[in-house]
Protein chains: 2
Amino acid sequence: MPGIEPEIEMDLRCAQCPVRHHAICNALGASNIGELSDIMTHRNLSAGDIILHQDESSELFAVIMSGVVKLTQILPDGREQIVGLLAASDSLGNPVSSVSNENAECVTDVQLCCFRRAQFGAVLRANPELEHRLLEQTVSDLKQARQWMTVLGKLGAQEKMARFILWLWRENHNMCPHRDPREPDSTICFPLKREEIAGLLGMTIETVSRNISKLKADGIIDLLDSKSIALRDVPKLQQIAQTYDDE
Amino acid sequence: MPGIEPEIEMDLRCAQCPVRHHAICNALGASNIGELSDIMTHRNLSAGDIILHQDESSELFAVIMSGVVKLTQILPDGREQIVGLLAASDSLGNPVSSVSNENAECVTDVQLCCFRRAQFGAVLRANPELEHRLLEQTVSDLKQARQWMTVLGKLGAQEKMARFILWLWRENHNMCPHRDPREPDSTICFPLKREEIAGLLGMTIETVSRNISKLKADGIIDLLDSKSIALRDVPKLQQIAQTYDDE
DNA sequence: CGTAGACTTGATTAGAATCAACTCCAGTGG
DNA sequence: CCACTGGAGTTGATTCTAATCAAGTCTACG
């Protein structure tokens, strides 16, 4: 057994991985996935743990297996802007340099599939299709960052809130994994506190709270508890959000 | 002569190209650059010309040889946010899909080095180092987009203006090519109108104007004409901009 | 010289930030 | 079991910043 078992175990870890077919590793087929499983390690983190520091070097590159991670930038005077939210199957870490462009912090408990940069880079060079997949992912992140730029630059508080809820609706399956499948599709949960919603949308917790209350008062959403809501009038929400569809 | 000349010409076009050593094509050495020069065509555009439409398909992928291009998103009600500015040596077009994520419009007259998507993709697949270079570029764009998110979400009008000026200072050599090298380094020109600065910074032209005036009144900058300024007190500007350095 | 577009400046208003209570839990310990 | 505590969230009153509305100036150009 010893001498064979470890190798089988490694492959199993990928075969049973919940994000195997959604994360960047789906660029590698069964015959090549071993190159990644050979060099990966799993790590469990708790809400509040800090994974990466802006402008500091780190050997970590990772795929998120579960949980939510926020990417932030902090101004000299302490103000914090959330510049991205990552969930299951997203990847974490600068793919082309050891220096991180953002702080990364766990919003919930998080499970990571970790690689050492040098080793991951070697697999990348050996598998151009993996690097292509990484490019696709980065282009998609760029698209989303630019959409948030428009939200931050042009929308009012109510519009921001509506956009956020619609965005959360689409992303919710990655964010809140253990939902009852029988629960109506129109129910969504917030993995974020008010403070974090505010940090993402460029407003204060009071303004977030007021606008959630207003949407409720207008019959557009229902508040189930402070961390979950039900959508009552999606078309109205889309109209407020100034969005054509839910791209 | 005919039969040989064209081939030599092609190579010359890259050899004499002003951005040959700064754009993504610098990933290819002298022995491979021919693969690109064989499939490129130059195109001259005028200020105001629209190059790409958001969510529409285009066969174009291009490198900017000179001029400034703005990337924008437009809301259903007509409001426009600038989500990126491209200048000499930047590349233009979605590298992984024919569908553009933004509108692209010429701010000044522009010279493009154009490729047909399918042909460029083939060169990309044959030269992984070129795809890696494209990934580096995209990661850099993503970093910048996220920095703008922080500007849009957290900074006040004066702070935004200071950031913009410092950013322009760094980028100015790409934006305003024909500057007298003897001109002091502290003189910069705006390739953008007030309306476009406003569209980028998420404010109105009046607020832009007022804040430029205020910086002048405070002795931090001088207005040479409405399209160029001189920096008088860079440290003060950096302090207002809430920036550690000029990353 | 006259006009239109780009820019500036002033007066007023609207919307979000700020300041300040207050409610609603979840967890703790007596 | 209940009283305390502290964190999270809500709501109200006030302030402040930037948007809006409204003239103006300046400049390039026919």
Side-chain angles (χ1 to χ4, degrees), chain A residues 46-48 70 75 77-81 107-108 150-165 189-218 221-229 240 242, chain B residues 46-48 70 75 77-82 107-109 150-165 189-218 221-229 240 242:
Chain A
S46 305
K70 64 177 177 180
L75 292 169
D77 66 7
R79 282 174 288 177
E80 173 182 300
Q81 174 71 40
V107 170
T108 64
T150 304
V151 169
L152 290 167
K154 285 285 172 298
L155 300 188
Q158 180 101 45
E159 299 167 321
K160 285 176 177 176
M161 206 58 233
R163 276 252 180 157
F164 172 73
I165 291 172
C189 77
F190 291 4
L192 306 175
K193 310 183 202 204
R194 296 288 183 273
E195 185 181 357
E196 289 162 328
I197 299 173
L200 175 65
L201 298 180
M203 48 207 230
T204 60
I205 53 174
E206 293 96 328
T207 305
V208 170
S209 188
R210 270 185 250 278
N211 280 281
I212 290 178
S213 300
K214 178 148 201 321
L215 288 173
K216 179 189 160 77
D218 293 347
I221 62 171
D222 266 350
L223 277 179
L224 307 181
D225 64 65
S226 84
K227 284 270 168 73
S228 57
I229 64 172
I240 295 173
Q242 291 280 326
Chain B
S46 306
K70 64 177 176 180
L75 292 170
D77 66 7
R79 283 173 287 177
E80 172 181 300
Q81 175 70 40
I82 296 183
V107 170
T108 63
D109 290 354
T150 304
V151 169
L152 290 166
K154 285 286 171 299
L155 299 188
Q158 179 101 115
E159 299 166 321
K160 285 176 176 175
M161 205 57 233
R163 277 251 181 159
F164 172 73
I165 291 171
C189 77
F190 292 3
L192 307 175
K193 311 184 203 204
R194 296 289 182 273
E195 186 180 357
E196 291 163 327
I197 299 173
L200 175 65
L201 297 180
M203 49 207 230
T204 60
I205 54 172
E206 294 96 326
T207 305
V208 170
S209 188
R210 268 185 251 279
N211 280 280
I212 290 177
S213 299
K214 179 149 201 322
L215 289 173
K216 179 189 160 77
D218 293 347
I221 62 171
D222 266 350
L223 279 179
L224 306 181
D225 64 66
S226 85
K227 283 269 169 71
S228 57
I229 64 172
I240 294 172
Q242 291 281 326

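Just so it is clear: chains get the letters A, B, ... in the order the sequence lines come, proteins before strands, and each one is counted from 1.
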ask   = Nearest of C/dT18, D/dG9, C/dG10 to any side-chain atom of B/Arg210?
value = C/dG10
inquiry  = Determine whether a donor-acceptor pair (N or O, by modelled atom type, separation under 3.5 Å) exists between the side chain of A/Ser213 and the backbone of A/Ser209.
reply    = yes
task = Find which nucleotide of DNA chain C each of A/Val208 and B/Ile205 is nearest to by heavy atoms, and output the residue with the more 5' nucleotide.
result = B/Ile205
Nucleotide nearest B/Lys193 when distance is taken to its side chain, options C/dT18, C/dC7, D/dT20 = C/dC7
request  = Without swapping roles, check the side chain of B/Glu80 against the backbone of B/Leu75 for a donor-acceptor pair under 3.5 Å.
outcome  = no
query = D/dG6 C1' sits how many Å from A/Glu195 CD, rounded?
reply = 15 Å
key: d(CE, A/Met203; C1', D/dT17) in whole Å   = 17 Å
query = NA contact type, A/Lys216, heavy-atom cut-off 4.0 Å: base, sugar-phosphate, or nothing?
reply = nothing
ask   = Nearest to the side chain of A/Arg194, which nucleotide is it out of D/dT10, D/dA22, C/dC19?
value = D/dT10
task = Return the value, rounded to whole Å, for the distance between atom CG of B/Asn211 and atom P of C/dG10.
result = 14 Å
request  = Using whole Å, report how far CD1 of B/Ile212 lies from P of C/dA6.
outcome  = 15 Å
inquiry  = At 4.0 Å (heavy atoms only), tell me whether A/Ser226 reaches a base, stays on the sugar-phosphate, or touches nothing.
reply    = sugar-phosphate
query = Looking at the side chain of B/Thr207, which of D/dA19, C/dC7, D/dA22 is the nearest nucleotide?
reply = D/dA19
query = Knowing that exactly one of A/Ile165, A/Leu224, A/Leu215 qualifies, which makes a side chain to side chain contact (heavy atoms under 4.5 Å, CB included) with A/Ile229?
reply = A/Ile165
inquiry  = Rounding to an integer number of Å, can you tell me how far B/Lys227 NZ sits from D/dT27 C1'?
reply    = 12 Å
key: Heavy-atom donor-acceptor pair, B/Asp109 side chain to B/Ala47 backbone, under 3.5 Å   = yes
inquiry  = Is the phosphate of C/dC7 approached by B/Ser209 (side-chain N or O, under 4.0 Å from OP1 or OP2)?
reply    = no
ask   = Backbone N or O of B/Leu201 within a donor-acceptor pair of the B/Arg163 side chain at under 3.5 Å?
value = no
message = Whole angstroms only, please: what is the CD-P distance between A/Glu206 and D/dA8?
response = 14 Å
remark   = Here the distance between atom C1' of D/dA18 and atom CZ of B/Arg79, to the nearest Å, is 15 Å
key: Length of the line joining B/Leu192:CG and C/dA6:C1', which is rounded to integer Å   = 14 Å
key: Nucleotide nearest B/Ser213 when distance is taken to its side chain, options C/dT9, D/dT11, D/dG9   = C/dT9
